[in-house]
Amino acid sequence: FDDADLDVAVEGAMAAKMRNIGQACTAANRILVQRPVAEEFARRLGERMGALPMGRGVEDGVVVGPLVNQKAVDKVDELVRDALDRGATAQLGGAPADRDGYFYPATVLTGVPAEAQMGSAEIFGPVAAITEFDTEEEAIAQASLTERRADVAAARAAVTTARINLDYTRVTAPISGRVDRADVAW
């Protein structure tokens, strides 16, 4: 929301999206941001995600490792291309990495429309899909655009939680790269 502490919001988005580089069932697939702060939020999130070193998990300093296989890279790329074809903009990334291996770089998309495939699919990759909204009611409606009833309840709870601006608790956990990278905190 436009009264949010954007530094806290970016930290929360990093934890929600980039745990295991998005290859987790609990990873955020859609990030709803109120229009007046959406551009600045996307800029800050892009800076944070763009600074994450990508490479093989056995390499020193790596945070963004490979996806599980080529099929996973193809799925992420299909979802990203679909969103771009429907009017989204790539603020960061937006295509598979030009290197050997199953790499998809950290990606930030803005203006992701509700009808984009990633609005109803698990991305399972390092893609932050930002959709702008104007009112709280619109945010709830967008968050509720799912066929799974449990997701609707969770979406409403998430919007409510974001609205009351609860504190974010830092989580320190390894992120897909080296298993000794527990010092990386979002």
Side-chain angles (χ1 to χ4, degrees), residues 1-50 72 75-95 104 106-171 186:
F1 288 87
D2 60 5
D3 62 349
D5 179 328
L6 291 185
D7 292 330
V8 172
V10 167
E11 290 295 319
M14 289 294 293
K17 178 69 248 181
M18 293 304 290
R19 181 173 294 117
N20 200 39
I21 66 166
Q23 295 183 100
C25 295
T26 56
N29 287 304
R30 298 180 292 163
I31 301 172
L32 302 176
V33 182
Q34 198 163 27
R35 199 169 312 280
V37 295
E39 185 176 329
E40 180 62 15
F41 175 83
R43 184 191 67 74
R44 291 184 192 190
L45 183 61
E47 284 179 359
R48 288 292 307 280
M49 288 178 66
K75 177 188 175 193
V76 170
D77 191 45
E78 178 185 332
L79 293 172
V80 168
R81 282 185 289 114
D82 173 72
L84 294 171
D85 288 348
R86 294 175 189 263
T89 301
Q91 299 287 7
L92 174 71
Y104 203 95
T107 296
V108 176
L109 301 179
T110 59
V112 177
E115 63 273 9
Q117 290 177 26
M118 68 176 49
S120 61
E122 289 184 315
I123 301 169
F124 259 69
V127 178
I130 298 172
T131 299
E132 297 81 5
F133 68 90
D134 292 305
T135 66
E136 185 172 346
E137 293 75 22
E138 183 183 351
I140 291 171
Q142 287 181 14
S144 298
L145 292 175
T146 180
E147 295 177 10
R148 299 184 308 224
R149 288 194 158 301
D151 288 350
V152 172
R156 288 177 193 260
V159 169
T160 302
T161 299
R163 185 69 196 121
I164 59 176
N165 205 11
L166 294 174
D167 282 338
Y168 163 71
T169 303
R170 282 187 167 250
V171 175
W186 303 116

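Taking a cutoff of 4.0 Å between a charged side-chain nitrogen and a carboxylate oxygen, Arg44 and Glu47 do not qualify as a salt bridge. Remark: Arg81 does not engage Asp85 in a salt bridge, criterion side-chain N to carboxylate O under 4.0 Å.
Listed for the Tyr104 side chain is no donor-acceptor partner under 3.5 Å among the backbone atoms of Gly125. Looking only at distances, no side-chain donor or acceptor of Arg30 sits under 3.5 Å from a matching main-chain atom of Ala114. Using a distance-only test at 3.5 Å, with no hydrogens or angles considered, no donor-acceptor pair links the side chain of Arg19 to the main chain of Ala27. Side chain of Asp5 to main chain of Asp7: a donor-acceptor pair is present (N/O by atom type, distance under 3.5 Å, no hydrogens or angles). The backbone N or O of Gly94 sits less than 3.5 Å from a side-chain atom of Thr107, completing a donor-acceptor pair. In this structure a side-chain-to-backbone donor-acceptor pair under 3.5 Å is missing from Asp2 to Gln34.
Arg35 contributes atom CZ, which lies 5.5 Å from atom CD of Glu132 (distance to the nearest 0.5 angstrom). Here Ile123 contributes atom CD1 and Glu78 contributes atom CD; the two are 12.5 Å apart, rounded to the nearest 0.5 Å. Between the CG atom of Leu32 and the CD atom of Glu136 there is a distance of 12.0 Å, given to the nearest 0.5 Å.
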Review point. Does the salt bridge (charged side-chain N to carboxylate O under 4.0 Å, His left out) test come out yes or no for Glu40 and Arg43, once each step is laid out?
Key: CA-CA 5 Å; Glu40 180 62 15; Arg43 184 191 67 74; 2.5 Å; yes
Practice item. Starting from the C-alpha separation in whole Å, work towards a yes-or-no answer on ring pair (Phe, Tyr, Trp, His ring centres under 6.0 Å) for Phe1 and Phe133. Key: CA-CA 9 Å; Phe1 288 87; Phe133 68 90; 5.2 Å; yes
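In this structure the side chain of Asn29 never reaches within 4.5 angstrom of the side chain of Phe124, judged on heavy atoms. In this structure, the side chains of Ile130 and Leu45 come closer than 4.5 Å at one or more pairs of heavy atoms. For the pair Pro126/Lys17, no side-chain contact is recorded, criterion being any heavy-atom separation below 4.5 Å from C-beta on. Put simply, the side chain of Val112 reaches to within 4.5 Å of the side chain of Met118, judged on heavy atoms. Taking the side chain as every heavy atom from C-beta outward, Val127 and Leu79 never approach each other to under 4.5 Å. Two residues are said to be in side-chain contact when any heavy atoms from C-beta on lie closer than 4.5 Å; Leu92 and Leu109 fail this criterion. With a 4.5 Å cut-off on side-chain heavy atoms, Val37 and Leu6 count as touching.
Heavy atoms from other residues, nucleotides or ligands lying under 6.0 Å from CD of Glu39 number 12 at most.
Contact between Ala42 and Thr110 at its shortest, heavy atoms only, is CB-CG2, 3.5 Å. Met49 and Ala128 make their closest contact through SD-CB, 3.9 Å (heavy atoms, listed as atom of the first residue, atom of the second, distance). Ala83 and Pro113 make their closest contact through O-CD, 4.4 Å (heavy atoms, listed as atom of the first residue, atom of the second, distance). Minimum heavy-atom separation, Ala13 to Ile31: CB-CD1, 4.2 Å.
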